[in-house]
Amino acid sequence: SQQGEEDPQALSIQEGENATMNCSYKTSINNLQWYRQNSGRGLVHLILIRSNEREKHSGRLRVTLDTSKKSSSLLITASRAADTASYFCAAPALSNTGKLIFGQGTTLQVKP
Amino acid sequence: EAGVTQFPSHSVIEKGQTVTLRCDPISGHDNLYWYRRVMGKEIKFLLHFVKESKQDESGMPNNRFLAERTGGTYSTLKVQPAELEDSGVYFCASSQVGAPDTQYFGPGTRLTVL
């Protein structure tokens, strides 16, 4: 079963605007991670938020986690054209072997 | 320190042919994972090695896929014979045994089966 589901599937904004992506999951998690994939490139780890944390910041990124609602959001502030990419949430499987279960991803387009 | 590398970056093959993808993890990382993203869909786990042993291969789609990690260093993923639905991006990731949550991903191999 899929751990993460994201919305929206696609988002198009103007440079300078904020972008918010949401992720919902089904089972208990130890942490939730967000990754970015630029076109034709590999996955880049953006941020990890643990189950006992509610909010975390990294530069222009802000991640929230609501374990009661089993949801997380990724906010990118003051977006840039270079932020154009696909964004994925992922959570470790309950087996604790490190295997990650990914959401379908949100494709973000930032127009200059 | 070199990151995770994958070869080739892109492969285009005909249906029925064989393709072998290679992943070189970060030196010292005993955990090695293969994932793939089929066009427009989520990234799915394929399998997990700890050193040379397959820890979990529950995500391997069928017996046309064979993964190896001889010597516990680099890994190969062979698809034989390739089918159209195998097209996608294949990612490799590695991590230290003590820190499985921190996975480092390679750039991926884009496989196109015609």
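Order of the sequence lines sets the chain letters (A, B, ...), proteins ahead of strands, with each chain counted from 1.
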**Fill in**
Closest non-hydrogen atoms of Y33(B) and K99(A), given as atom of the first, atom of the second and distance, are CE2-N, 3.7 Å
**Prompt:** Taking only heavy atoms into account, what residues of residues 47-72 of chain A are found under 4.5 Å from chain B?
**Reply:** L48(A), R50(A)
**Request:** Group every Ile, Leu, Val, Met, Phe, Trp and Tyr by side-chain heavy-atom contacts under 4.5 Å, then state whether V4(B) and L21(B) land in the same group.
**Result:** no
**Request:** Please flag which part of S58(B) lies under 4.5 Å from any non-hydrogen atom of chain A: side chain, backbone, both or neither.
**Result:** side chain
**Asked** With the 4.5 Å side-chain cut-off for hydrophobic clustering, are L47(B) and Y74(B) part of the same group?
**Response** no
**Prompt:** What part of Q33(A) lies closer than 4.5 angstrom to a heavy atom of chain B: side chain, backbone, both or neither?
**Reply:** side chain
**Request:** Would you kindly confirm whether Y87(A) and L11(A) end up in one hydrophobic cluster when ILVMFWY residues are joined by side chain heavy atoms under 4.5 Å apart?
**Result:** yes
**Asked** Is it the backbone or the side chain of Y35(B) that comes under 4.5 Å from a heavy atom of chain A, or both, or neither?
**Response** side chain
**Message:** Below 4.5 Å, heavy-atom pairs only: which of F91(B), F105(B), Y104(B) has the largest tally toward chain A?
**Reply:** F105(B)
**Asked** Out of curiosity, does I29(A) fall in the hydrophobic cluster containing W34(A) (side-chain heavy atoms, cut-off under 4.5 Å, transitive links)?
**Response** yes
**Request:** Say whether V89(B) and V113(B) are linked into one hydrophobic cluster, either directly or through other cluster members, by side-chain heavy-atom distances under 4.5 angstrom.
**Result:** no
**Message:** Tell me whether the count of non-hydrogen atoms from other residues, nucleotides or ligands lying under 6.0 Å of NZ in K41(B) goes above 12.
**Reply:** no
**Side-chain heavy-atom pair R37(B), Q37(A) within 4.5 angstrom cut-off** = yes
**Message:** Looking at every heavy atom in both F102(A) and I43(B), which two are closest together, and how far apart are they?
**Reply:** CB-O, 3.3 Å
